[in-house]
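What follows is a short report on a single structure.
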Amino acid sequence: MNETNHRWLAGAVGVALGAALLAGCGKKEDPITQAATAPASAAASSAAGGAAVPSLAEVRAIAEAGFVYGLPIVMNYAVMHQYVIDKNSGQWKAPFNTVYNEHRVFTPEDTAIPTPNSDTPYSLAWMDLRAEPMVLSVPAVDKKRYYSVMLVDGNTFNYGYIGTRATGPEAGDYLVAGPRWKGETPPGIKKVFQSTTDFALGVYRTQLFNPKDMPNVVKIQDGYKLQPLSAYLKQPAPAATPTPDWPSLGKDAVTPHHDALDALVKLENKVFVETHFFDYLDFALQFAPPGPEEADIRAKLARIGVGGDKKFAFKDLSAEHKAAILLGMRDGLKKVEEKAATIGKSINGWSVGSAFGDRDFYKGDWLLRAAAAKAGIYGNDAVEAMYPMTKTLADGTPLDGSKHKYTLTFAKDQLPPVNAFWSVTMYDGKNQLLVKNPINRYLLNSPMLSSMKKNPDGSLTLYIQKDSPGKDKEANWLPAPDGPIYLVMRLYWPKAEAPSILPAGEGTWQPPALVQAN
């Protein structure tokens, strides 16, 4: 989060506080007052317990807790809105219940998404599960090629996986149901996955061996199918559900691989003043029946009018309530940033950690969930993939391709321990984009091992520098930028038995430190 955004938010809070002082008590029957005197629903009434109108200090505390709890939910809504709802967003992909395939290899010309993944071209399927479940079908995939389908819901819980690790390489049909579905498993369905929200996302990753392999990936992607359960069973479709009155995001973009919290703040008044964070959260919660661990936070939110049958509108709040909520959001923002900075353990200069999982993984730790979303929404569970990353040497010295050459050496029999494959990708440390270079190489990975040269002792050295290390070493060369370096190592389906990077940050295998070569 940069200082400009902090100053903007502080300024907005200051303006609201000033307005509060000028307005005195403001509106007597704003949504917060109404929530205390007439809860929006029976559930809210029980949760609120007939409590008095919350004090400004309580409103601030509730807003802080609500911001932490709601950040991943609002971020997910923002991405969904742009990808499948707003065709003019500049990010629109496809309608609901359709598989969208990315049929290409990322290059330095791709500047919309930081840290683009050139290992596994993506496919995406946003699902509307309100009327009926969807059947997700996958083709048979060669067991030598890794693929996965991560099922993530509006709570950003990874509630299931299909693919090489989770279900095997065979073809199959899988049912994805919403939180209110209570049917029996239909014939022909291998497994049922139940989302905790009415809208959910399938994130497909299909291994690409090299750029020339893209046509083979396309064939597999073309085999990814999605259809309603009624169509799968050749039965009449149920009545269609009404189209929600989607709150608009405005013209600015949020994409899942940006620093998403930063991107939300960069929406500035579109999110925080005009269209409002808690307006989005209030809207999204109607599609997310609460779990047992959400009772406390939902009760708190009900006290300020968020999450009930009545529509919450920030604009209708009194000036002092607006100020208290903005202050609470600032408090929550600080906590999320501090927590995000502690995710992962520093090992030989690499940050090694994982903060993604299902409802049982988080167990109501909303701060961890928010910090994970800030670090990179829609991340994999540790058992599916690990992502050590570094910008420094082991002693904390920043990596800089304009000043130094570096080596990364894996000792004999100490390559990243995986069941699928591993890679090391180079990014420009200034913008986290791929680096243009004369050999058009953006990563080194395990499928390329046969062309790399090992050292006499059996170890493998990668050369991290902006200029060629010489023809004899070029097979092991990962071209660096002429400036700050950002490296991401990806371990797909990491081995569970020793040596292993698991558990995250505590495993028996550790990524080796980079060494300055000059």
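The shown structure was predicted, so the numbers you read here are calculated from the model rather than taken from an experiment.
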Is it true that the side chains of [X] and [Y] contain a donor and an acceptor less than 3.5 Å apart?
X	Y	value
Asn101	Tyr224	no
Ser318	Glu320	yes
Asn97	Asp128	no
Asp119	Tyr146	no
Ser230	Glu132	yes
Thr120	Arg205	no
Asn155	Thr197	no
Gln221	Tyr147	no
Glu293	Tyr362	no

Can you check whether [X] reaches [Y] side chain to side chain, under 4.5 Å on heavy atoms?
X	Y	result
His321	Leu56	yes
Asp86	Gln91	no
Thr156	Arg369	yes
Trp92	Tyr83	no
Pro186	Leu233	yes
Ser148	Ile162	no
Thr425	Leu434	yes
Ile32	Leu317	yes

Electrostatic pair [X]-[Y], nearest N-O below 4.0 angstrom:
X	Y	value
Lys335	Glu64	yes
Asp331	Arg60	yes
Lys300	Asp296	yes
Glu109	Lys436	no
Asp279	Lys315	no
Asp110	Arg104	yes
Glu337	Lys374	no

[atom1]/[X] to [atom2]/[Y] distance, rounded to the nearest 0.5 angstrom?
X	Y	atom1	atom2	value
Ile189	Ser137	CD1	OG	7.0 Å
Met329	Leu71	CE	CG	9.5 Å
Met75	Met80	CE	CE	14.0 Å
Thr115	Tyr387	OG1	OH	10.0 Å

* Which is it for Asn117 and Arg490 under the side-chain contact (heavy atoms from CB on, under 4.5 Å) test, yes or no, and what are the steps along the way? -> CA-CA 10 Å; Asn117 175 355; Arg490 292 177 168 92; 4.2 Å; yes
* ring pair (Phe, Tyr, Trp, His ring centres under 6.0 Å) involving Tyr77 - partner list, sequence neighbours excluded -> His81, Tyr280, Phe283
Please confirm whether the backbone N or O of [Y] pairs with a side-chain atom of [X], one donor and one acceptor, at under 3.5 Å?
X	Y	value
Thr167	Gly163	yes
Asp153	Ala200	no
Ser89	Gln82	yes
Arg130	Pro242	yes

* To do: Identify whether NZ of Lys or CZ of Arg in Arg165 sits under 6.0 Å from the centre of the six-membered ring of Tyr492 and within 45° of that ring's axis.
  => no
* Cation-pi check, Lys191 to Tyr174: give yes when NZ or CZ is under 6.0 Å from the six-membered ring centre and within 45° of the ring axis, no otherwise. => no
* To do: Check whether the ring centres of Tyr122 and Tyr204 lie less than 6.0 Å apart, and answer yes or no.
  => no
* Between Phe277 and Phe67, ring centroids under 6.0 Å -> yes
* Does Asp400 have any side-chain contact (heavy atoms from CB on, under 4.5 Å) partners at least two apart in sequence or in another chain, and if so, which? -> Ser402, Lys403, Tyr406
* Do the ring planes of Tyr486 and Tyr427 sit parallel (below 30°), tilted (30 to 60°) or perpendicular (above 60°)? -> tilted
* What is the ring orientation for Phe199 with Phe96, classed by angle as parallel under 30°, tilted 30 to 60°, or perpendicular over 60°? -> tilted
